[in-house]
Amino acid sequence: MLAGVPDAVYRLDPEGRVTYLNAAAESLFQLSAAELIGRRLLDVFPAAKGTLVEDQLREILGDGQPRQFEYFYEPRDHWFEIRAFPYPDGVAVFLRDVDDRYRTDLRRDTELRELTAVLEALPSATVLVGDDGRILVVNRAWEADGELLRSGGVEPGGVGDVYLECMSRGLLPTHHAAIAAGVIRLQAEEPDGVPGSFEYEYSTQLGSFATWFHLQAARVPFSRRVVVTHTDVTERVRGEQAMAWRAGHDELTGLPNRATLLDMIADALTGGAPGAPGTALLVLDLDGFKTVNDSLGHQLGDRLLRQVGERLAEQVRPGDAVGRLGGDQFVVLARECDQAEAAALAFRLQTTFALPFTASGISVPLSASIGVAVSRSDVRDPHQLLSDADAAMFAAKSSGRDRVHLFSPGLREAARWRLEVATRLRGDAIDQLVVHYQPVVRLDTGEVDGVEALVRWQHPERGLLPPDSFLSVAEETGQVIPITRWLLRETTRKAAEWAAQGLPLRMSVNVSARHFSAETLVRDVRTALRDSGLPPDQLVLELTETSVAEDPTRAEDQLTVLRSFGVRVAIDDFGTGWSSLAQLFALPIGTLKIDRSLLNAAERAVAGETGAVLHAIVELTRTLGIKSVAEGIETPEHLRMVRAAGCDLAQGWLLGQAMPAEEVPRFVRSVQAAGGDLCALAVAGDAVPQAG
Ligand code: C2E
Ligand code: CA
Ligand code: CA
């Protein structure tokens, strides 16, 4: 029976003599049965004398107990596994060549020890997962994380546990599924193929902290074992999250910024069911906030903006959103909201401004102009909806403060026009500007005293455009400053040219508030005067009442400097603003231009009171040594009224329309030729030469 066993088998008698050996033993010993039977094996292989094998066999003979041990036979440099049993007349020995297996195991043990040492040195929690999915080795970092897990009530995994089972504890199912798929894929690889790897980022609760881990798994070459590291990347992820948050939010108020709002709008636009109410967008622009900032300081302004954001946020439904577009512009996004509801919301937002805002003990009344746009089926683009609401806001703003305006398609045309103007003004439009001049007439003699320069745009396709159609855009974009700079040069040159021809006409130039607050005005005026050689007292700068009222202290400084050159300053459109008369007249101004709305009001008033207001104002200017100009004289009745009120000068269509520069000398000369009294000529009828 033993003859067929693959192991080498032999029997020894109590003296160690061979009594039997099978074929495998013959080939192992490289001696035949005939050569070995009856001989002491230790005599045949003397190198085994005094080794483990001799001791063990002696002990078996002594206590009759079987033995199993591994034995290294030096002359052959080989490992054997020996199982020896007592036998009625000696011992039976089973000998198996385990050299390959033994050496492989040995190498594996060494490798494992080395690997363990390497793993220990890694700062990331690391495990080695065996072919069976159980953890073979863990490092200190893994154990440390395990302690934290345990403190949070989660049982950590250790050596011998199934790795993926340990990982399922305290992890979201989606995270766990992704990790399981990755690790299983690695283990399924062909052991001697190119080892794959797998990376994944997941979050988990480690003790009381939400922690982010970057998991990296790699298969160990020539095996199905997998090394998995779990690196704590919480700090990096937090940094990234904070950065992403900052990129999407306004720093001052913490509200979503334009980019985030556009995403939210896009989301709302696609979210609604067909036929459901649309998405409403409200753009709010605070009225006169620049003045608040300039007079109270930016710090206080910032605090007010934050409060505005908070108040708005209180007014919206859960699901809706408030954001800041920048500056003093806010946006409210209302989902599933029709036009009527949106308007109601706008009025509700308006009333939140009824109570003044307070900062640093100062109470500041604020109001907002609100534009409302509600998506219709044709609006799917968030930019379009925002620009519609913006156009509506713009319309609200131009109709006065504290207004609500609903978007209408006509506004889109207006917005398109504004964009075109802004683009063109940056390009070549400034070369297409022309100046027309309207006569300003002395009411006592009827002589032409001067002209007011009024800008127009000779648009290549649309023809001659009035200033209202493009100047507000130029104000917004700041282009009004280079425009006025050019205008100052052009008009002073013209006035000097006419003076040289014997026509000394005082030149009035309109200056925008924007330019007035930009500080370059003084320099621009000085340059124009120097280059043209026009005497400074022949130049009048017209500033609107509101542009001066915005920052009276600053206005006073600038006006004083301009006055010191000898330049005159006129307050334009008087009667349309809301500034205090006392404040206005405290400024160093030379001329007051009375707006034609005041003239019309006087005309409409009951007969007895006709001209009373006008009278009072003119009286006041006279006492203060300020010249008065009545604007918008369209009828002989107007002329009579302003004369009766005692105005010094007048202008209007009755006396002469604005005309191109080349017509001015002809116009003035023909008045002179007809006696010099333009008022008389105008009242008499068609005698006034008309422009064009
Ligand atoms: P403004 O300074 O009050 O100029 C007077 C406006 O009233 C001019 O309109 C003029 O053509 C118009 N007007 C003159 N007489 C009469 C009249 O009898 N009846 C009526 N209904 N209107 C009359 P325009 O030229 O369209 O200018 C409008 C506004 O545009 C100006 O109002 C001024 O504020 C601004 N503007 C015009 N040119 C310039 C400029 O060169 N620079 C700046 N910054 N603003 C300008
Ligand atoms: Ca003017
Ligand atoms: Ca005016």
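Atoms within a ligand are numbered from 1 in the order they appear, just like the ligands themselves.
Heavy-atom proximity to Asp573, at under 4.0 Å, picks out these atoms of ligand 1: 3 (O). Near Ile633, meaning under 4.0 Å from one of its heavy atoms, ligand 1 places the atoms 18 (O). Near Asp468, the atoms of ligand 1 lying under 4.0 angstrom from a non-hydrogen atom of the residue are 28 (C), 29 (C), 30 (O). Counting the atoms of ligand 1 from 1 in the order shown, those under 4.0 Å from a heavy atom of Glu631 are 3 (O). Counting the atoms of ligand 1 from 1 in the order shown, those under 4.0 Å from a heavy atom of Gly652 are 15 (N), 18 (O). The atoms of ligand 1 that sit less than 4.0 Å from any heavy atom of Arg596 are 20 (C), 21 (N), 22 (N). Proximity to Ser512 (heavy-atom distance under 4.0 Å) selects the following atoms of ligand 1: 44 (N).
Contact between Glu452 and ligand 1 is present, with at least one heavy atom of the residue lying under 4.0 Å from the ligand. Residue contacts with ligand 1: Lys593 is excluded, as none of its non-hydrogen atoms falls under 4.0 Å.
In terms of modelled atom types and a separation under 3.5 Å, the side chain of Gln558 and the main chain of Phe516 share a donor-acceptor contact.
Smallest separation of non-hydrogen atoms from Cys647 and Ser628: CA-OG, 3.4 Å. Of all heavy-atom pairs between Leu386 and Leu281, the closest is CA-CD2, 3.5 Å. Contact between Ala570 and Lys593 at its shortest, heavy atoms only, is CB-CG, 4.4 Å.
Taking the charged nitrogens against the carboxylate oxygens, Arg306 and Glu251 have no contact shorter than 4.0 Å, which rules out a salt bridge. Under the 4.0 Å criterion applied to side-chain N and carboxylate O atoms, Arg489 and Asp531 are not assigned as salt-bridge partners. For Asp287 and Arg401, the salt-bridge test fails: no basic side-chain N is under 4.0 Å from an acidic carboxylate O. Salt bridge absent: Arg568 and Glu542 never bring a charged side-chain N and a carboxylate O closer than 4.0 Å. A salt bridge does not link Arg258 to Asp250: none of the charged nitrogens lies less than 4.0 Å from a carboxylate oxygen. A salt bridge between Glu637 and Arg640 is present, with a side-chain N of the basic residue lying under 4.0 Å from a carboxylate O of the acidic one. Residues Arg506 and Asp449 are paired through a salt bridge, judged by an N-O separation under 4.0 Å between the basic side chain and the carboxylate.
Looking only at protein heavy atoms, the nearest one to atom 43 (C) of ligand 1 is Asn510 CB, 3.4 Å. The nearest protein atom to atom 19 (N) of ligand 1, hydrogens excluded, is given as Glu634 OE2, 2.5 Å; this is a heavy-atom distance. Summary of contacts: the protein heavy atom closest to atom 23 (C) of ligand 1 is Trp653 NE1, 3.4 Å. Ranking protein heavy atoms by distance to atom 14 (C) of ligand 1, first place goes to Gln438 NE2, 2.9 Å. Among protein heavy atoms, the minimum distance from atom 45 (N) of ligand 1 is reached at Leu471 CD1, 3.3 Å. Closest to atom 6 (C) of ligand 1 among all protein heavy atoms lies Leu454 CD2, 4.7 Å. If you check which protein heavy atom lies closest to atom 38 (N) of ligand 1, you get Val455 N, 3.1 Å.
In the candidate list Leu655, Asp572, Leu433, Asp572 is nearest to atom 2 (O) of ligand 1, counting heavy atoms. With atom 25 (O) of ligand 1 as the reference point, the heavy atom nearest to it among Glu542, Arg456, His436, Gln651 is part of Arg456. Ranked by closest heavy atom to atom 26 (O) of ligand 1, the top entry among Ser508, Pro467, Ala453 is Pro467.
Around the Ca ion (ligand 3), the two atoms OD1 of Asp572 and OD1 of Asp573 are separated by an angle of 90°, to 10 degrees. Put simply, the angle at the Ca ion (ligand 2) from OD1 in Asn510 to OE1 in Glu542 is close to 90°, to the nearest 10°.
Other residues, nucleotides and ligands contribute more than 12 heavy atoms inside 6.0 Å of the CD atom of Glu497.
Residue Glu452 approaches the Ca ion (ligand 2) most closely through its N/O/S atom OE2.
Under the 30°/60° scheme for interplanar angles, the aromatic rings of His459 and Trp417 are found to be tilted.
Distances from atom 12 (C) of ligand 1 to the protein include no heavy-atom value under 4.0 Å. Under the 4.0 angstrom criterion, atom 9 (O) of ligand 1 counts as lacking any protein heavy-atom contact. Protein heavy atoms are absent from the 4.0 Å sphere centred on atom 32 (O) of ligand 1.
The residue from Leu649, Asp573, Leu599 that alone fulfils the side-chain contact (heavy atoms from CB on, under 4.5 Å) condition with Glu631 is Asp573.
Residue-level proximity to ligand 1 for Gln657 is absent, since no heavy atom of it falls below 4.0 angstrom. Only the side chain of Leu487 comes within contact range of ligand 1, with a heavy atom under 4.0 Å; no backbone atom does.
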- Message: Assess the residue pair Arg514 and Glu476 against the criterion (salt bridge (Lys or Arg N to Asp or Glu O under 4.0 Å)); give the C-alpha distance rounded to whole Å, side-chain angles, the decisive distance to 0.1 Å, and a yes or no.
- Response: CA-CA 8 Å; Arg514 178 81 182 245; Glu476 272 173 62; over 6 Å; no
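A cation-pi arrangement is not found for Arg311 relative to Phe330, the charged atom failing to lie both closer than 6.0 Å to the ring centre and inside a 45° cone about the ring normal.
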